[in-house]
Amino acid sequence: MAHIPDGVLSAPVLIGGGIVAAAGIAMALRKMDETAIPRTAILSAVFFTVSLIVIPVGPSSIHPLLSALMGLIIGVLTTPAVLIALILQLLLFGFGGVTSLGVNTVNIAFPGIVLALLFGPVIARSSPVRAGMYAGICAGLAVVGTGALVSLALVLSSSAYVPSAKILLATYIPLMIGEGLVTGFAVAFIMRVEPELLAGARKREV
Amino acid sequence: MQRLILFLILIFAATSTSAHNFKVFATIEDGDVTGYAFFVGGGRPHGAIIIIQDTASNELYRGTTDDAGIFSWRPAQPADLTVVANAGDGHVATTRISRERFPSASSTSVEITHNAAAPPNTVLSSEKQTTGTAACVPEDIEQLVGEAVARQVQPLLEAYAQAEDRTKLTDVVGGIGMIFGLAGIAMWAFSRRRVNDSTR
């Protein structure tokens with residue numbers, strides 16, 4: 001699904017994904033400051049651990065991504081957080097692929113970052129309950145974004161691995177709902193306890 | 001502090017799970033290529049596409065898995081085969097079957113010494129040379145032994161395929177430790193830059 005292994009995608013897609021991921025990393029490194037590192041490390045570890053939780057769904061199975069939550073808390077630093085976690089998953093579990101690291105990083109991190117940028121200001125301004133609702137919607141859309149990018153990568157590569165729309169819908173809709181719920185509750189909790197955790201709230205103060 | 005607790009809960013949740021590697025297991029039973037596609041840690045896809053190819057990537061068979069993720073096909077003759085499973089959402093797995101795993105057809109008697117499935121019995125093969133005719137008994141024994149060995153070994157192969165990629169708590173903790181180690185190095189690098197800047 002979101003962890004595409006080696007040998008599935010074509011070379012142009014892999015190279016393009018690598019370039020885009022490298023650009024994302026460069027942008028993140030420029031914006032990184034010392035205080036952001038612990039947050040980034042914790043979220044990277046959470047992503048690393050959580051995507052090991054497998055839930056069988058019909059013909060396939062899904063695993064949580066939490067990319068929207070990461071985007072809401074650390075913004076563009078989601079890219080290196082995801083990349084490092086993906087590298088470790090590859091080394092320790094053989095999960096994913098070496099050549100597809102760039103593409104996988106883009107597919108997982110970018111929808112979370114973009115949607116968090118869009119929703120962040122609104123979430124930071126709202127009450128905890130509403131913030132949770134918006135965050136849930138944001139997370140659902142991030143899952144859609146990841147699914148769309150994964151399908152795009154497969155379609156651009158060859159016709160042999162084009163996922164059937166039916167199966168995609170069957171697996172991504174439960175994931176949307178699950179992620180929406182988890183992210184919504186997490187953000188509502190954060191807004192009540194420590195709003196400065198959210199990147200949107202921090203930007204407002206600056 | 002609450003973050004830490006939440007985080008620890010997630011770690012323990014992950015101890016009983018596995019990375020969802022998609023794999024396919026195939027074996028030979030009475031000349032049929034049979035097996036199943038599965039996700040490591042649980043879950044069998046039903047309706048996944050199975051393609052069996054020869055060494056030249058020609059497609060010999062295309063079918064789907066049943067509700068238990070199982071497929072079965074009888075090839076016309078023993079050959080080196082590649083089994084490809086496609087779950088339809090980007091999950092793809094392959095495995096290979098070599099022709100030696102097929103039960104050898106009782107064609108020529110010389111094959112006894114070449115077949116790796118059963119250790120050649122020197123008494124029987126010399127007996128064969130003296131009689132000069134293709135005796136049924138050694139080949140039957142060989143086939144029976146081959147089938148018995150395959151029966152005993154198959155659960156092992158299955159268990160190995162399932163266990164190969166199972167995630168272990170040690171690996172999860174190792175990965176988390178690595179992440180924090182990298183974070184520590186990054187913070188050290190930042191602070192050195194800060195010190196250098198301030199002393200300049």
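Every chain is numbered from 1, with letters handed out A, B, ... down the list of sequences.
Residue F48(A) comes nearest to D171(B) through the heavy atom pair CZ-O, 4.3 Å, listed as atom of the first residue, atom of the second, then distance. When all heavy atoms of M187(B) and E34(A) are compared, the closest pair comes out as O-OE2, 3.8 Å.
Looking at T65(B), neither its backbone nor its side chain comes within 4.5 Å of chain A, counting heavy atoms on both sides. The part of L182(B) that comes within reach of chain A is its side chain, from C-beta onward, which places non-hydrogen atoms under 4.5 angstrom from that chain. Using a 4.5 Å cut-off between heavy atoms, L92(A) touches chain B through backbone and side chain atoms alike.
Here salt bridge (Lys or Arg N to Asp or Glu O under 4.0 Å) pairs that include residues 55-64 of chain B, with residues two or more places apart or in two chains, are E59(B)-R62(B).
Legend: residues meeting salt bridge (Lys or Arg N to Asp or Glu O under 4.0 Å) with D32(B), ordered by chain and number and at least two apart, are R74(B).
Atom CD1 of I179(B) is separated from atom CG of L88(A) by 5.5 Å, given to the nearest 0.5 angstrom. The line from CZ of F190(B) to OG1 of T35(A) is 9.5 Å long, rounded to the nearest 0.5 Å.
Your options are A186(B), G175(B), A189(B), and the one with the most heavy-atom pairs under 4.5 Å with chain A is G175(B).
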